[in-house]
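Read through the structure below, which is laid out as structure tokens, and then see the notes.
We name chains A, B, ... by the order of the sequence lines, and we start the count at 1 in each one. This structure is a prediction, so every number in the text was calculated from the model and none was measured. Heavy-atom basis, side chains included; hydrogens, waters and symmetry copies ignored.
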Protein chains: 2
Amino acid sequence: MNDLPQQILKGSLSAIILKLLSENEAMYGYEICQRVKEITAGQMRVTEGALYPALHKLEGEGILRTHTQQVEGRTRKYYPIVPDQHGQAVSRLAQMHAFLDQLQQVLNPQPNVRLT
Amino acid sequence: MNDLPQQILKGSLSAIILKLLSENEAMYGYEICQRVKEITAGQMRVTEGALYPALHKLEGEGILRTHTQQVEGRTRKYYPIVPDQHGQAVSRLAQMHAFLDQLQQVLNPQPNVRLT
DNA sequence: TTATATACCTAAGAATTGGAGGTATTCTCG
DNA sequence: CGAGAATACCTCCAATTCTTAGGTATATAA
């Protein structure tokens with residue numbers, strides 16, 4: 001009954017999204033899923049059932065907007081960061097970093113530096 | 001409406017608990033809360049409303065057990081790791097580490113090492 | 001023509017956490 | 001002595017977030 005492998009830490013998904021969108025101008029949903037798989041060599045997967053609600057939430061918060069485009073008969077919906085919301089994205093990522101630092105602090109406590 | 005600071009990433013709490021209990025023989029609930037506050041200089045807090053259910057779940061899974069003790073008129077309930085379950089604890093922590101590595105991979109991508 | 005890949009999405013349920021509340025004892029300060 | 005803080009346990013409800021499973025549709029490969 002042990003749940004296994006690549007579950008996402010709840011709460012980290014929006015950070016992942018914002019990070020990728022910060023670096024890439026604009027991506028569409030399916031692309032985000034693939035990219036994460038790529039980066040982590042298939043070990044972490046963002047499911048669409050989690051991704052789309054998260055994207056829509058960020059859109060609802062005014063951080064992302066959308067525009068669709070037809071590519072070879074298929075519709076792609078891009079989710080760029082709203083231009084004047086990049087600061088928001090950065091600060092959210094900073095928060096996540098801060099949290100991860102704290103978590104590291106607990107899980108991998110730095111022995112006090114000892115000058116010898 | 002931006003939710004702020006020190007919320008815990010869902011899923012990380014049981015790892016925090018197992019880490020502390022791995023290092024400390026046995027701790028009681030209140031102590032765990034205080035310890036986390038200490039380690040993170042007050043920036044991260046484990047709330048009791050989350051802690052106790054998590055402890056009871058780990059107990060239900062057979063990883064922790066309990067024994068109470070009276071100390072200066074107050075009851076302390078210790079939650080040591082069941083002796084032959086230390087392996088479980090270790091492997092769960094390893095899983096968390098693996099996940100955090102993946103997350104770092106996405107949030108702080110290593111530029112490909114370039115030998116010059 | 002059937003399956004796979006691409007591409008979007010929703011809905012129901014599980015799981016986890018935060019916040020608020022509740023009980024009880026001891027200690028501290030005025 | 002009384003009030004409040006600290007110590008110590010706990011539960012319940014609401015909110016959030018994810019997983020699983022499903023649904024639609026087109027293009028390409030077998």
Quiz item: Between B/Thr75 and A/Leu13, which has a closest nucleotide on DNA chain D that is more 5'?
Solution: B/Thr75
Exercise. Could you state the atom-to-atom distance from CG of A/Leu9 to C1' of C/dT16 in whole Å?
Key: 11 Å
Practice problem: Return the set of residues passing ring-ring contact (aromatic ring centres under 6.0 Å, His included) with B/His56 (not counting sequence neighbours), or none when no residue passes. | Solution: none
Quiz item: Can you list, by residue number, the residues of residues 26-35 of chain B that have a non-hydrogen atom closer than 4.0 angstrom to DNA chain D?
Solution: B/Tyr28, B/Gly29, B/Tyr30
Quiz prompt | Integer-rounded Å distance: D/dC9 P and B/Tyr78 OH | solution = 9 Å
Self-check item: Base versus backbone protein contacts along nucleotides 20-30 of chain D [heavy-atom cut-off under 4.0 Å; B, S, -]
Solution: B-----BS---
Quiz prompt | B/Tyr28 to B/Lys77 - nearest heavy-atom pair and separation | solution = CB-O, 3.1 Å
Practice problem: Measure the distance from NE2 on A/His56 to C1' on D/dC18 and round it to the nearest whole Å. | Solution: 16 Å
Exercise. Grab the two heavy atoms, one from B/Leu9 and one from A/Ser12, that are nearest each other, plus how far apart they are.
Key: CD1-N, 3.8 Å
Quiz item: With sequence neighbours left out, which residue pairs that include part of residues 12-35 of chain A fulfil the salt bridge (charged side-chain N to carboxylate O under 4.0 Å, His left out) condition?
Solution: A/Lys19-A/Glu23, A/Glu31-A/Arg35
Quiz item: Between atom CZ in A/Arg76 and atom P in C/dC8, what is the gap in whole Å?
Solution: 8 Å
Exercise. Take the protein atom OH of A/Tyr79 and the nucleotide atom C1' of C/dC9, then report the distance between them rounded to whole Å.
Key: 9 Å
Quiz prompt | Residue list, ring-ring contact (aromatic ring centres under 6.0 Å, His included) with B/Tyr52, at least two apart or on another chain | solution = none
Practice problem: Please determine if a side-chain N or O atom of B/Lys57 lies less than 4.0 Å away from the OP1 or OP2 oxygen of C/dT16. | Solution: yes
Practice problem: May I have the distance from B/Lys10 (atom NZ) to D/dA14 (atom P), rounded to whole angstrom? | Solution: 15 Å
Quiz prompt | Between C1' of D/dT7 and CD of B/Glu38, the distance in whole Å | solution = 15 Å
Quiz item: Quick one: B/Lys37 NZ to D/dT7 C1', roughly how many Å, whole number?
Solution: 11 Å
Quiz item: Charged N to carboxylate O below 4.0 Å: is that the case for A/Glu61 and A/Arg92?
Solution: yes
Quiz item: Do you know the tightest heavy-atom contact between A/Leu13 and A/Ala50?
Solution: CD2-O, 3.6 Å
Donor-acceptor pairs under 3.5 Å, side chain of residues 63-74 of chain A to any protein atom, not counting sequence neighbours: which ones?
| unit_1 | atom_1 | unit_2 | atom_2 | d |
| --- | --- | --- | --- | --- |
| A/Gln70 | OE1 | A/Thr75 | OG1 | 3.4 |
| A/Gln70 | NE2 | A/Thr75 | OG1 | 2.9 |

Exercise. Identify the heavy atoms of A/Val36 and A/Met44 that sit nearest to each other, and give their distance.
Key: CG1-O, 3.8 Å
